[in-house]
There are 2 protein chains.
Amino acid sequence: MRILASELTLDGAGRPELGRNLTYGLLDNLGRAIVTGRFETEPFPTEAELAKQHNVSRSVTREAVKMLTAKGLLSARPRQGTVVQPTTSWNLFDTDVLRWLLERQFSVDLLKQFNQLRIAIEPEAAALAARFGDEAELRRITDGLERMEAAEKGLDDTLDADIAFHVAILRASSNPFYFQFRDVVTTALRTSIRFTNRIKGRTASVADHAAVRDAILARNPDAARTAMRDLIGDVLELIDEAEGAKA
Amino acid sequence: MRILASELTLDGAGRPELGRNLTYGLLDNLGRAIVTGRFETEPFPTEAELAKQHNVSRSVTREAVKMLTAKGLLSARPRQGTVVQPTTSWNLFDTDVLRWLLERQFSVDLLKQFNQLRIAIEPEAAALAARFGDEAELRRITDGLERMEAAEKGLDDTLDADIAFHVAILRASSNPFYFQFRDVVTTALRTSIRFTNRIKGRTASVADHAAVRDAILARNPDAARTAMRDLIGDVLELIDEAEGAKA
DNA sequence: GCGCGTACATTTATCTGATTAATTAGTCTT
DNA sequence: AAGACTAATTAATCAGATAAATGTACGCGC
């Protein structure tokens, strides 16, 4: 019996598979399985076994494995087979890896690590934005802030506006490496909100964000850096408190 | 005539191809070609054309393209073909992408962007190391510093020692996201040395590095942050001066 | 002439099965 | 005991056929 791709857009349980085609579907399944640690106890299957288990051809299998290799999760060699790499070689700034990492479970520890990273990146990004951001880039920052104000009146989504603001600053840093963090920051914010809102009824304060914007528009790097640092520092404190309360 | 892989370990010019097999060889060639901007003027070839041009099968071609897709450089869709993605979607923290980016040409601008990133990451990493670094991790930092001292007497390589020191701090931050920057920092240092040594006869001062180590061992996050910031700030100033001199 | 849908062409996606290469483990020789 | 040969395993590569997706162009009806 020949299995057609169109018949596989739904998996056994009837849920839609992630990805536009078989390769991306397998990529997603394997990625999640690896990150979840399924292959810490059992060995990673050989190419032939994988193909049989997922009812796809070897081509699809090999291409999915190659993509996971490119993201640092796997390594394949003849005779040795395909093996999961240590987490230190995973590309944590890859969108897919990041998503799999969060889907497996909500971890306060991971959220903390996100924000420890943000407190390094974003204050410096704000400083760079103040120094080098051009007209259009600064405009985006203001737009983001205005969306936050509108959200307070229920005219926009709070979280989306918050994300737009922070990403605008990364972009305005005019350094492509900083802009790479847009996924991490987006993910961190989406995750944070689920968490911090549960702890306190506290929304990201528009006033604090406005302070960052003002410093950047005033072309004052030091003030921008400090203002952003305070902003994220608050989040980090909140997480620490919550963690301490549990321990 | 059948072309065997073993015959292709050397390319036409007799240079060894990068990568252990055909797929990795093609990956490297295409990666460099994309980063160099070859396909800004001409369209990216179709899968069939690529295979013919490089004398490999379509499987090899497809797998190489899939890996480049995983790294954000390409996107493939039926009928539309394979197209190069805008640089904003490239994964700049991928080791391969980073290497291609540097191989194409030495750019002061890129070096500057590297160090603008380092000045965000490394001071904070030092602060985290002071707070959370365990015995073994701190030991590595001291080891790195001792190698730098040995290098001054010609007993070790200056650059390798310097890299070991900085990477040890990233590791000691105990945050996997920070440790991800080991490639960027390594690359930045290897590139910096080519550059800064040409400008001034200035070696990375062991005393400044020792200050960072001491602050971390003393479990003083603020001092560690400041010391590291000064260290990298000096490099950045050097680059700015050189850039200004040219302009 | 304008919209709309259908037929067609192009390119990636997928499958299959055979062959080759690399590497490890074992065995045999000396 | 050391080294060389052999076998077995697994990924790597090739070839060519078929399917699916999607943009383009054509033609039909209004």
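Note that the structure is a prediction, hence the values are computed from the model and not measured.
- Ion pairing of B/Arg99 with B/Asp28 is present here, as a side-chain N (NZ or NE/NH1/NH2) and a carboxylate O approach within less than 4.0 Å.
- One interatomic measurement links the two molecules: CG of B/Leu26 to C1' of D/dC14, which rounds to 15 Å at whole-angstrom precision.
- Between the CG atom of A/Leu50 and the C1' atom of D/dT10 there is a distance of 13 Å, rounded to whole Å.
- Here the NZ atom belonging to A/Lys71 is positioned 12.0 Å from the CG atom belonging to A/Leu92, to the nearest 0.5 angstrom.
- Distances shorter than 4.0 Å separate none of the side-chain N or O atoms of A/Thr23 from OP1 or OP2 on C/dA13.
- Salt bridge present: B/Arg190 and B/Asp160 bring a charged side-chain N and a carboxylate O closer than 4.0 Å.
- Counting any heavy atom pair closer than 4.0 Å across all strands shown, B/Thr46 reaches sugar-phosphate atoms only and no base atom.
- Rounded to whole Å, atom P of C/dT12 lies 13 Å from atom OH of A/Tyr24.
- Here A/Arg77 reaches the OP1 or OP2 of C/dT24: one of its side-chain N or O atoms lies under 4.0 Å away.
- Rounded to whole angstrom, the span from the CD atom of B/Glu47 across to the P atom of D/dC14 amounts to 13 Å.
- Contact check, B/Ser57 against D/dT13: no side-chain N or O comes under 4.0 Å of OP1 or OP2.
- We find that CG of B/Asn55 is positioned 9 Å from P of D/dC14, with the value rounded to whole Å.
- Rounded to an integer number of Å, the gap from B/Arg58 CZ to D/dA17 C1' is 10 Å.
- The NZ-C1' distance, from B/Lys52 to D/dC14, rounds to 17 Å in whole Å.
- Heavy-atom nearest nucleotides on DNA chain C were determined for A/Gln80 and for B/Ala76, and the one closer to the 5' end corresponds to B/Ala76.
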Identify all pairs in which a protein N or O lies below 3.5 Å from an N or O of nucleotides 3-9 of chain D, and state each distance.
| residue | atom | partner | partner atom | Å |
| --- | --- | --- | --- | --- |
| D/dA8 | N3 | A/Arg79 | NH1 | 3.0 |
| D/dT9 | O4' | A/Arg79 | NH1 | 3.4 |

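- Between A/Phe93 and B/Phe177, the two ring planes are tilted [angle within 30° to 60°].
- Between the side chain of A/Thr61 and the main chain of A/Ser57, a donor-acceptor pair closer than 3.5 Å is present.
- The stretch residues 61-75 of chain B has no heavy atom under 4.0 angstrom from DNA chain D at all.
- Inspection of the A/Gln116 and B/Asn175 side chains reveals an N or O donor paired with an N or O acceptor under 3.5 Å.
- A cation-pi geometry, defined here as NZ or CZ lying under 6.0 Å from the six-membered ring centre and within 45° of its normal, does not hold between A/Arg118 and A/Phe114.
- Side-chain polar atoms of A/Ser174 and A/Glu137 form a donor-acceptor pair below 3.5 angstrom.
- Using a 30° and 60° split on the angle between ring planes, B/His166 and B/His209 fall in the perpendicular class, above 60°.
- Distance CZ (A/Arg20) to P (D/dA20): 18 Å, rounded to an integer number of Å.
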